[in-house]
S.K.: 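Encoded as structure tokens, here's the structure I'll be asking about.
Keep in mind that this is a model prediction, so the values were computed, not measured. Letters A, B, ... are given to chains in the order of the sequence lines, protein chains preceding strands, and every chain is numbered from 1.
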Amino acid sequence: AQSVTQLDSHVSVSEGTPVLLRCNYSSSYSPSLFWYVQHPNKGLQLLLKYTSAATLVKGINGFEAEFKKSETSFHLTKPSAHMSDAAEYFCVVTPLGGGGNKLTFGTGTQLKVEL
Amino acid sequence: GAVVSQHPSWVICKSGTSVKIECRSLDFQATTMFWYRQFPKQSLMLMATSNEGSKATYEQGVEKDKFLINHASLTLSTLTVTSAHPEDSSFYICSARGQRLLNEQFFGPGTRLTVL
């Protein structure tokens, strides 16, 4: 069994300040973890993924996430927020190597970026 | 590469009619396609998984006679919402997995269905 908890449903930051979106997972096997972004009325875009290589994963648009097994966390960060980062973010877990199989989505975090 | 399209992007229909949504992989062969449903301000819920040439596997609680899925070719899957009702109004998103990139799904842009 696997599950994902996104600890914040809404996060608001000022443009130029750091972003932290929190994600904890639960899995009975080694996980693959993903972060997706969804802009309004759009499909999902993959930001980054962890598949058991380096624990610090760098993604697109300056985002990165660190896999911490001891904390069962995969938090998403960005040093400096941009207005275009405002969107919904989903943390996703699946069995290691199973990113093409059944994905379990978190409930999402709405990121708001203010001037 | 790895582009997935959906058609239509939005559709409005009357209650009782059927609506077909297409999902196409444009530059790769999709051996498996997935259909998700997303209610406003909620997460994606997997409805069904379809493998090319096989019957779809539906998630618990999803009516297979209500949501007909066909995956007749390696580049096309269709979802037909039969006898649609207002409660079927939702955002439907498909994703596709190819033969070469087995560890990733590529998502379509979604279809907004509104049933009046």
S.K.: Report which part of B/Q6 has an atom under 4.5 Å of a heavy atom belonging to chain A: side chain, backbone, both, or neither.
M.R.: neither
S.K.: How many angstroms lie between CZ in A/F63 and CG in A/L76, if you round to the nearest 0.5 Å?
M.R.: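 Those atoms lie 5.5 Å apart.
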S.K.: Tell me, side chain or backbone of A/Q110 under 4.5 Å from chain B's heavy atoms, or both, or neither?
M.R.: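 Neither part; nothing is under 4.5 Å.
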S.K.: Salt bridge check, B/K20 against B/E22: does any charged N sit closer than 4.0 Å to a carboxylate O?
M.R.: no
S.K.: Against chain A, label B/L46 side chain, backbone, both or neither, depending on which of its atoms sit under 4.5 Å from a heavy atom there.
M.R.: side chain
S.K.: Sort A/F90 into side chain, backbone, both or neither according to what part of it lies under 4.5 angstrom from a heavy atom of chain B.
M.R.: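 Contact with chain B is through the side chain of A/F90 alone.
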S.K.: Please report the interatomic distance CZ(B/F91) to CZ(B/R37), rounded to the nearest 0.5 Å.
M.R.: 13.0 Å
S.K.: Whether the side chain of A/H82 engages the backbone of A/S84 through a donor-acceptor N/O pair (distance < 3.5 Å, no angle test) should be reported.
M.R.: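 Yes: the side chain of A/H82 pairs with the backbone of A/S84.
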S.K.: Say you draw a straight line from CD1 of B/I93 to CZ of B/F34; how long is it, rounded to the nearest 0.5 Å?
M.R.: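 Going from CD1 on B/I93 over to CZ on B/F34, the span is 14.0 Å.
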S.K.: Looking at A/Q6, A/E88, A/Q38, which one has more heavy-atom pairs under 4.5 Å with chain B than the rest?
M.R.: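 Most heavy-atom pairs within the cutoff with chain B belong to A/Q38.
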S.K.: Let's test your reading of the structure: which of B/Y36, B/F107, B/W10 forms the most heavy-atom pairs below 4.5 Å with chain A?
M.R.: B/F107
